[in-house]
Amino acid sequence: MKAMVLRTAGGPLEFGDVAKPKPGSGQIRVAVRTCGVCRTDLHLIDDELPNTRLPIIPGHEVVGIVETIGPGVTELSVGERVGIPWMGHTCGRCWYCRHDAENLCDEPGFTGYTEDGGFAEFAVADARYCFPLPAIYDDVEAAPLLCAGLIGYRSLMMVGDAERIGIYGFGAAAHIIAQVALWQGRKVFAFTRPGDRQSQLFARSLGVHWAGSSNEQCPEPLDAAIIFAPVGSLVPIALRNVRKGGSVVCAGIHMSDIPEFQYEILWGERQVRSVANLTRQDAIEFLQIAPQVPVRTHAVKFPLERANEAIEQVRGGLIDGAAVLMV
């Protein structure tokens, strides 16, 4: 089969033929139709994640059709369209798995990181961690829901009943979860790279209450802020915009160092916390909510063999919404 493979840290991905994977017990093999390009793929390629398995086929926003089922699979059937997300499997034995926190599992597997992912014609996955997709979404629209949407949803749930939410970094995850937050009746304030008028216009087109640069003062005190950009210096900036008792949620798997800041901007029972991975329950809930909004994903399409180009455009913030590979 054809695939884009990361063979050395720093990339680029190499396009070529690799062996077609075989599903084992409890697994399915999916004929991939589309796969989203996530910022986590950039962190993987740039060697910013620990213990990366090389060579590896990236991609964890996978949409495809079940082609083959392995022994013991009862959840899914051949011909069914499914999504394969970032969380590939969990151990089921550790303290976190036994206390409804499988996203923090001590022995997890991740699609496109520890297990080959969806930048390929076929992918194998644990059937228990794959999900049927809402019929209202075509293959391109569905792909970004599987990480950008799910991590965005988990981040939004962490801010509780916050009414005024600031979003820092208006890319794939932000453009999805802003729609959910607005549908819930919240006020959304979008912060972009300084001078990025295009992203600000895109945010306004989705109905946010305000859009400006990350170095601007928010026009209203925020109840919470979600940081999708992997930029540690945004943490003290967001804290200064958050009211007493508010929270700052860091939603990325990797972030540059957070600079030293004065205790006074944390004082007043403000909180800083991170989001790690996702649970299957997150996926079930979000994939039920998304069609009700309805969430509409904005995607730029690339053929599989142009994955490196898609990655560079995501890196440069040149895409409104998400990049999706056509397989």
Side-chain angles (χ1 to χ4, degrees), residues 1-6 13 15-16 18 20-21 28-42 44-45 56-68 76 78-88 110-113 115-127 129-153 171-173 175-176 179 278 283 286-287 290-291 294-315 318-327:
M1 70 172 184
K2 299 294 184 183
M4 296 294 295
V5 184
L6 178 67
L13 304 182
F15 182 65
V18 299
K20 188 176 180 179
I28 58 172
R29 182 168 64 206
V30 169
V32 180
R33 288 183 168 180
T34 61
C35 187
V37 178
C38 177
R39 184 161 287 276
T40 301
D41 297 315
L42 275 66
L44 174 78
I45 292 166
I56 188 75
I57 299 172
H60 55 273
E61 296 179 329
V62 189
V63 177
I65 303 297
V66 178
E67 183 226 32
T68 305
L76 301 168
V78 172
E80 197 168 356
R81 187 178 74 146
V82 296
I84 305 175
W86 168 251
M87 181 64 79
F110 299 110
T111 309
Y113 176 30
E115 316 290 340
D116 283 333
F119 288 10
E121 292 179 316
F122 294 90
V124 162
D126 187 323
Y129 295 80
C130 301
F131 302 93
L133 298 169
I136 73 164
Y137 296 110
D138 65 26
D139 298 334
V140 175
E141 293 173 317
L145 300 177
L146 292 163
C147 184
L150 291 176
I151 288 297
Y153 176 72
H175 98 282
I176 291 173
Q179 296 176 61
L278 57 106
F286 176 68
L287 291 174
V295 168
R296 289 299 174 191
T297 57
H298 297 249
V300 178
K301 297 182 285 187
F302 296 83
L304 175 63
E305 61 269 23
R306 288 172 54 198
N308 287 312
E309 180 183 342
I311 287 165
E312 288 309 311
Q313 291 204 25
V314 172
R315 187 193 305 279
L318 303 177
I319 291 177
D320 288 336
V324 175
L325 301 182
M326 307 300 295
V327 184

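FYI, side chains are in, hydrogens and waters are out, and symmetry mates aren't considered; it's all heavy atoms of this structure.
- Distance alone, capped at 3.5 Å, places no donor-acceptor pair between the E80 side chain and the P132 backbone.
- Put simply, the residue from I84, V30, V66 that forms a side chain to side chain contact (heavy atoms under 4.5 Å, CB included) with C130 is I84.
- The pair E67-R29 counts as a salt bridge, with a side-chain nitrogen and a carboxylate oxygen less than 4.0 angstrom apart.
- The nearest pair of heavy atoms linking P291 to Y137 is N-OH, 3.6 Å.
- Between G112 and L44 the shortest heavy-atom distance is O-CD2, 3.2 Å.
- Atoms CZ and CZ, on F131 and R81 in that order, are 15.0 Å from each other to the nearest 0.5 Å.
- Considering all non-hydrogen atoms of both residues, A143 and C35 come closest at CB-C, 4.4 Å.
- Residues W86 and T40 meet the side-chain proximity criterion, which asks for heavy atoms closer than 4.5 Å.
- H298 has its side chain out of reach of I319: every pair of non-hydrogen atoms, C-beta onward, lies at least 4.5 Å apart.
- Scanning all heavy atoms of the two residues, the minimum distance from V62 to G118 falls at CG2-CA, 3.7 Å.
- Evaluation of the ring pair (Phe, Tyr, Trp, His ring centres under 6.0 Å) rule for F122 yields no partner, not counting sequence neighbours.
- At a threshold of 4.5 Å between non-hydrogen side-chain atoms, the residues E115 and F110 do not count as touching.
- V32 places none of its side-chain heavy atoms less than 4.5 Å from the side chain of L325.
- Side-chain atoms of V82 and I28, non-hydrogen and from C-beta on, do get closer than 4.5 Å to each other.
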Exercise. What's the verdict on side chain to side chain contact (heavy atoms under 4.5 Å, CB included) for L278 and Y153, showing C-alpha distance, side-chain angles and the deciding distance?
Worked result: CA-CA 9 Å; L278 57 106; Y153 176 72; over 6 Å; no
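- Between T297 and H175, some side-chain heavy-atom pair lies under the 4.5 Å cut-off.
- Within the structure, salt bridge (Lys or Arg N to Asp or Glu O under 4.0 Å) pairs that include any residue of residues 32-42 comprise R33-D139 (at least two apart or interchain).
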For this session: Begin with the C-alpha distance, continue with both residues' side-chain angles, and end with the deciding distance and a verdict on side chain to side chain contact (heavy atoms under 4.5 Å, CB included) for N308 and M4.
Result: CA-CA 9 Å; N308 287 312; M4 296 294 295; 3.7 Å; yes
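- A side-chain donor-acceptor contact under 3.5 Å links T111 to the backbone of P85.
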For this session: Quick one: do E141 and V295 satisfy side chain to side chain contact (heavy atoms under 4.5 Å, CB included)? Show the steps, please.
Result: CA-CA 9 Å; E141 293 173 317; V295 168; over 6 Å; no
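- Residues that satisfy the side-chain contact (heavy atoms from CB on, under 4.5 Å) test with R306, not counting sequence neighbours, are F302, P303, E309.
- Of all heavy-atom pairs between P144 and E61, the closest is O-OE2, 3.7 Å.
- Here the closest heavy-atom approach between residue L13 and residue I311 is recorded as CD1-CD1, 3.7 Å.
- Counted within 6.0 Å of NZ on K301, heavy atoms from surrounding residues, nucleotides or ligands total 12 or fewer; the atom is thus considered open.
- Between I56 and D116, some side-chain heavy-atom pair lies under the 4.5 Å cut-off.
- Between the side chain of E305 and the main chain of F15, no donor-acceptor pair closer than 3.5 Å is present.
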